[in-house]
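Everything on this sheet refers to the single structure shown next.
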Number of protein chains: 2
Amino acid sequence: MNSKGPGVYKPLKMGKNVSMKDIAGRIGVSTALVSFVLNGKAREKRVGAEMTRKILEVASELNYMPNQIARSLRKGSTMTIGLILADIANPFFGSLARVIEDEANKHGYTVIVGSSDESKTKTEILITTLTNRKVDGFIIVPAEGSEELIKGIMHKNIPMVLVDRFFPALAASYVALDNYQASYEAVRCLIGKGKMRIVILAYRSSLIHMQQRIAGYIAAMEEGRLHDNICIREIRYEHVHEDVQRVFQELIISGKKADALFLATNSLSVSALYCIKEQGIKIPEELAIVGFDGNESFDFFYAPLTYVKQPLDEMGKESVKILVDHINGSKKTVQVKLKPNLIIRESCG
Amino acid sequence: MNSKGPGVYKPLKMGKNVSMKDIAGRIGVSTALVSFVLNGKAREKRVGAEMTRKILEVASELNYMPNQIARSLRKGSTMTIGLILADIANPFFGSLARVIEDEANKHGYTVIVGSSDESKTKTEILITTLTNRKVDGFIIVPAEGSEELIKGIMHKNIPMVLVDRFFPALAASYVALDNYQASYEAVRCLIGKGKMRIVILAYRSSLIHMQQRIAGYIAAMEEGRLHDNICIREIRYEHVHEDVQRVFQELIISGKKADALFLATNSLSVSALYCIKEQGIKIPEELAIVGFDGNESFDFFYAPLTYVKQPLDEMGKESVKILVDHINGSKKTVQVKLKPNLIIRESCG
DNA sequence: CTGAAAGCGCTTACAG
DNA sequence: CTGAAAGCGCTTACAG
């Protein structure tokens, strides 16, 4: 058979996907009809029952699959959410991403994830890429220094929710832990165990979540009349292990200047655990510790870690819910602070 | 100023993104010119230097950003890769996803990730969604029972690479560990330590990677003249902890029927560690163990785990490289088996 | 050599 | 009530 020859049916070009045009062509109607029927608007648009049946039949026969790209271009909506976080390989963010993925799917959205590595430059590239791909909205764990980039998204009126951190000066919706409270409770717990020389290990960052964790630490220390013992050590994100090792050397190994350590993030906790193991430090006798964010390692450490648990599920679900509301037109800024949960075990003494 | 009134410039509608048409309209040229210049084809298409300058200037002035959706529709290429894995919250897959993300970005691709939970149904939904979104190619960690779905992708001539597992009957490209060898070496190591009653804990799965791990175990046992001691316990993915506990009860706690355990996956290893901790079993004296895939927990367990390490980096990079080749037209099926690396520590005795 | 026109595959406002 | 025609924002084959 000559593929260019006349035939009852228009032959389908090899390798080409079947489109509404193909279905319409076979039946001899406009693509509009096909679109109505395939989108379940047959009734609404008063398409006859027989025609509806026929269109459905041919669509199924040709194994029609809608082209979401064409649909997106026409509708101006991609049913896609851009998720920017620090690092998908970090179990904390991996788990958060999973909750967001599932929740977004429930609402019919597909998620595109990108890792910023806490870098402003990478964040900018991700925002540009995802904006050009016309995501319907953003869920972002903002990196330090990205405030202007976040503002840019707001100016463009692209729906957005910040997660884990936020910028106090921006009227953006966010879902975050009450970090001040979390830190305060953690340090109170150490003080309650009789610890006096409590050091906080935090990242060197102006981001609010870190500042609040430090503020909670300071508040608890002052309340415990330990003002003179306040000792804050800031770690560089790009040199975690190196810096943590130096702090251990200074405060614990050579100096015995600390009797307790509060680790302000998950990765700092893990890094500290490696130091403790390397140096053979006895927990909690020589040093009491409290970590941040759950982690399997915390359970298997010989002295299971006391840690601040974040409600990841709630965080993920809430952020998707708020974002979808924004996408659906809600202009209301929603700022949620989640309650922390201190899991007390052996490591704090 | 009346927005409909005459003016030197066409006023831009509020909230609307600026398009090539807007730029073209301001200057009084066709969008074709604009497209050429903005895509760096000014030279090639012989657009005058002055015109090029003007277009670039206006584009920057209006803060033009290309609409990737329109571009995709027209070009038939989205510069997007669909990644389907078991669960992004699992650190093994999270780390793999991260390598793939970075590598894909280097080649100009954006990655859309989806978690199948090892379910055929979820896999099917993900494949359909991503196909309709016109991803340029797939990287898939196939779930059990998904062979027909994978075949479907091949029939549509959509570029694809399988990772971690594959189907021996399909001529699809893949990158996977040499699981037979990995398992063989792990069990040989246990035998070398004088263990005789070595049990393998594996998932109940017909997938090749699991079958190969079991086959490697059997081969090592037979070579060690331990044929009669071969003991394979299969765990249901949906009831991991329950099944693992039952096995521990039967083989170790009540029976002392095993002196060593080979855990055939990362999640089985973690589950077993929880049982060991709960029951206070002494490792390696009462029971020697070897796990699969690196994991921070393995380091912090009181007897650091001996485990089979997968070359994740290589796996991710190689799979992207092969996929990009396929997208660029290569029809050559590439099947890569990666060498395992046994990390020997205290847990194996 | 240059640039207007067609078309990717949809959806929906609008004319009849 | 019905369905043909316009248009989303690009790229590129093709006519002049």
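A, B, ... follow the sequence lines: proteins, then strands. Residue 1 opens every chain. Note that the coordinates shown come from a computational prediction; the quantities given were computed from them, not determined experimentally.
A close approach under 4.0 Å does not occur between any side-chain nitrogen or oxygen of A/Ser35 and OP1 or OP2 of C/dC10. Within the 4.0 Å cut-off from OP1 or OP2 of C/dT12, at least one side-chain nitrogen or oxygen of A/Lys41 is found. Between C/dT11 and A/Arg71, a contact under 4.0 Å exists linking OP1 or OP2 to a side-chain N or O. For C/dC8, the OP1/OP2 oxygens have a side-chain nitrogen or oxygen of A/Lys21 closer than 4.0 Å. Note on A/Ser30: every side-chain N or O is 4.0 Å or more away from OP1 and OP2 of D/dG3. Taking 4.0 angstrom as the limit, A/Lys134 places none of its side-chain polar atoms (N or O) nearer than this to OP1 or OP2 of D/dG9. Between D/dT2 and A/Arg46, no contact under 4.0 Å exists linking OP1 or OP2 to a side-chain N or O. A sub-4.0 Å separation between OP1 or OP2 of D/dT11 and a side-chain N or O of B/Asn39 is present.
The interatomic distance linking B/Lys45 (NZ) with D/dC14 (P) rounds to 12 Å, in whole Å. Following rounding to the nearest Å, A/Lys75 (NZ) and C/dG9 (P) show an atom-to-atom distance of 19 Å. Atom C1' of nucleotide C/dC10 and atom CG of A/Asp22 are separated by 13 Å, given to the nearest angstrom. Atom pair B/Tyr64:OH and D/dT11:C1' shows a separation of 11 Å (rounding to whole Å applied). Across the protein-nucleic acid pair, B/Leu33 atom CG and C/dC1 atom C1' stand 12 Å apart, rounded to whole Å. Here the P atom of nucleotide D/dC8 and the CG atom of B/Asn67 are 12 Å apart, to the nearest Å. Rounded to a whole Å, the CD1 atom of A/Ile69 is 13 Å from the P atom of C/dT11. The nearest whole Å value for the distance from the CE atom in A/Met51 to the P atom in D/dA4 is 10 Å.
Nearest-nucleotide positions on DNA chain C place B/Ala32 closer to the 5' end than the other of B/Ala32 and B/Leu73. Mapped onto DNA chain D by nearest heavy atom, A/Gly28 and B/Pro66 fall at different nucleotides, with A/Gly28 at the one closer to the 5' end.
If you take atom P in C/dC10 and the same atom in D/dA13, they sit 22 Å apart, rounded to whole Å.
A pairwise comparison of heavy atoms in A/Thr123 and A/Ser146 identifies CG2-CB, 4.3 Å as the closest pair.
Salt bridge status for A/Lys106 with A/Glu103: present, with a side-chain N to carboxylate O gap under 4.0 Å.
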Under the side chain to side chain contact (heavy atoms under 4.5 Å, CB included) rule, what do B/Ser173 and B/Gln335 come out as? Steps first, then yes or no, please.
CA-CA 5 Å; B/Ser173 289; B/Gln335 306 186 325; 5.6 Å; no
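Residues B/Thr78 and B/Arg133 bring no donor and acceptor atom of their side chains to less than 3.5 Å of each other.
Listed nucleotides C/dC8, C/dT12, C/dC10 differ in distance to A/Phe36; the shortest reach to its side chain belongs to C/dT12.
For the pair A/Lys45 and A/Phe36, the cation-pi test (distance below 6.0 Å, angle within 45°) is passed.
Pair assignment for C/dC1: D/dG16, on the basis of Watson-Crick or G-U wobble contacts that are both within less than 3.5 Å.
Among the heavy atoms of the strands, none lies under 4.0 Å from A/Ser72.
Of the candidates A/Asn39, A/Asp22, A/Ile55, A/Val34 forms a side chain to side chain contact (heavy atoms under 4.5 Å, CB included) with just one, namely A/Ile55.
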